[in-house]
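I have placed the structure first, in the form of structure tokens, so that the comments after it can refer back to it.
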Amino acid sequence: MRNSAPTVCPMTGASGISRITTPTGDSAWLATGYTLVRELFTDPRLGRSHPTPETAARMSESAFNGGPIGDFDTEPVDHARMRSLLQPHFSPKRMRELRPRVEEITSLLLDEMQAQGSPADLQAALSLPLPLLVICELLGVPYGERAQFREWTEAVGHVTDRARVEQGMADLFAYNQELVRRKRRAPGDDVVSRLCAVDGVADDEIAMHALVLLFAGHETSAVQIGTGVRMLLENPAQWRKLGEDPDLVASATEELLRACDASSMLRYARTELEIAGEKISTGDLVLLGTASANHDPEVFTDPDRVDIARQEAAHFLFGHGARYCIGAPLARIELQVAFGQLVERFPTMTLAVDSADLIERKEIFTGGLTALPVRW
């Protein structure tokens with residue numbers, strides 16, 4: 001996922017840690033290199049909360065990847081509770097059971113795109129509606145309300161407009177509070193209804209979980225579908241190779257996730273510690289340089305080359321350790337199905353514009369393309 005990057009964010013280079021300045025003008029530490037980043041992902045002395053959040057260094061004004069989240073005193077317990085509540089609903093087994101439905105939705109969307117004819121905007125035809133439809137079904141959110149909550153999720157992810165972010169959070173939270181009330185009155189076969197059936201879980205807690213899932217459950221996949229297809233079409237030999245050998249779709253998905261322009265992941269020092277010889281103070285912002293780790297030449301051969309048959313170390317796009325992304329199994333299925341069906345049905349697909357003319361969403365921390373014109 002393409003996020004707001006620090007002022008200095010090497011894609012490759014030696015493992016280490018250095019002082020950088022974030023886009024908000026705050027001082028932070030940037031950790032680079034595969035080995036160091038992997039170690040820091042599992043270091044309990046780093047967290048996502050801050051003892052004085054109002055004074056914490058930030059990356060942006062975004063609600064989810066801009067600054068601290070959670071309560072410093074209860075973060076470990078709160079995080080464990082959140083995972084215990086949500087992980088069962090996104091287990092690999094549950095996601096495998098969902099795969100036929102993802103395949104069906106993808107096929108229907110591509111039918112519509114094909115019927116409308118070439119050229120088409122793949123971002124509008126597939127990248128956005130596929131994960132939106134899937135997460136709406138999972139959460140029990142009416143798809144017909146997507147325009148409104150899509151507007152709010154984009155506001156929540158804005159990197160510079162704090163007032164817009166705060167209003168987006170308030171609106172999206174109120175929407176999910178109402179969603180929970182609906183599910184209390186008329187439960188369905190969905191994640192929110194199942195959370196409502198768990199004893200001891202307050203409505204506001206469910207609403208906040210639903211808010212995060214609604215944002216992360218479609219935004220990240222929408223970005224990665226478009227980004228992955230762009231990389232494949234910019235490397236036509238890889239597009240043809242995937243079409244000739246569909247069994248490569250799983251490794252291709254991992255490679256496209258590894259190769260994308262990932263941002264750093266935020267952590268705050270929960271105590272004084274030393275990292276790679278540097279003394280880090282309590283509350284310091286430490287950025288885990290996933291882009292550097294995923295392009296470390298000590299780990300990945302020719303790391304800037306897209307190789308859909310690559311069989312090397314695991315990437316860190318979904319994190320690592322205790323905070324590994326709960327939604328990773330769902331994202332993988334959506335991406336695998338999207339890439340697989342696209343190369344099968346549109347083997348001659350190419351970009352309809354010059355790659356340099358594609359426009360990135362700079363104002364949203366997840367990044368992604370505003371449009372992806374293709375022809376076949």
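For the numbers below, each heavy atom of this structure counts, side chains included, while hydrogens, waters and symmetry mates do not.
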Task: Close side-chain approach of W29 to L287, heavy-atom, < 4.5 Å - done: no
Task: pair P92-R96: side-chain heavy atoms closer than 4.5 Å - done: yes
Task: Results of ring pair (Phe, Tyr, Trp, His ring centres under 6.0 Å) for F300 - residues two or more places apart only - done: Y34
TODO: Give a yes or no on whether E344 atom CD has more than 12 heavy-atom contacts from other residues, nucleotides or ligands under 6.0 Å away.
DONE: no
Task: Donor + acceptor pair across side chains of Q177, D204 (<3.5 Å) - done: yes
- [ ] May I ask you to establish whether R323 and F41 are in a cation-pi arrangement, using a distance under 6.0 Å from NZ or CZ to the six-membered ring centre and at most 45° from the ring axis?
- [x] no
- [ ] Measure the CG-CZ distance between N65 and R58 for me, rounded to the nearest 0.5 Å.
- [x] 10.0 Å
Open item on the list: Which label fits Y324 and F318: parallel for a plane angle under 30°, tilted from 30 to 60°, or perpendicular past 60°?
Closed with: perpendicular
Open item on the list: Tell me the closest heavy-atom pair linking R375 and A352, and the distance in Å.
Closed with: NH1-CA, 3.6 Å
Task: E145 atom CD, over 12 foreign heavy atoms within 6.0 Å - done: yes
- [ ] Verify the distance criterion only: is there a donor paired with an acceptor across the side chains of E219 and T366 at less than 3.5 Å?
- [x] yes
Open item on the list: Quick one, L330 and E334 - any side-chain contact, counting heavy atoms below 4.5 Å?
Closed with: yes
Open item on the list: Checking T24 against T22: is there a side-chain donor and acceptor pair closer than 3.5 Å?
Closed with: yes
Open item on the list: E254 and side-chain hydrogen bond (donor to acceptor under 3.5 Å, both in side chains): which single residue from Q311, R310, H315 fits?
Closed with: H315
- [ ] Answer yes or no: is there a side-chain heavy-atom contact under 4.5 Å between L85 and E205?
- [x] yes
Open item on the list: Has T32 got a side-chain atom pairing as donor or acceptor with S292's backbone, closer than 3.5 angstrom?
Closed with: no
Open item on the list: I'd like to know if R94 pairs up with E97 as an ion pair, taking the criterion as any Lys NZ or Arg NE/NH1/NH2 lying under 4.0 Å from an Asp or Glu carboxylate oxygen.
Closed with: no
TODO: State, with a plain yes or no, whether a side-chain heavy atom of L211 is found less than 4.5 Å away from one of M169.
DONE: yes
Open item on the list: How about CG on D357, more than 12 heavy atoms from neighbouring residues, nucleotides or ligands closer than 6.0 Å, or not?
Closed with: yes
Task: Any side-chain heavy-atom pair of I280 and V286 under 4.5 Å - done: yes
Open item on the list: If you define the side chain from C-beta out and look only at heavy atoms, does anything of V353 sit under 4.5 Å from P373?
Closed with: yes
TODO: Return the set of residues passing ring pair (Phe, Tyr, Trp, His ring centres under 6.0 Å) with H158 (not counting sequence neighbours), or none when no residue passes.
DONE: none
Task: salt bridge (charged side-chain N to carboxylate O under 4.0 Å, His left out) between K183 and D190, intermediate numbers included - done: CA-CA 9 Å; K183 299 303 179 182; D190 55 72; 3.2 Å; yes
Open item on the list: With heavy-atom distances below 4.5 Å as the criterion, would you say the side chains of T350 and L233 are in contact?
Closed with: no
TODO: Using side-chain contact (heavy atoms from CB on, under 4.5 Å) as the criterion, point out the one residue from L256, L369, V374 that pairs with R230.
DONE: L369
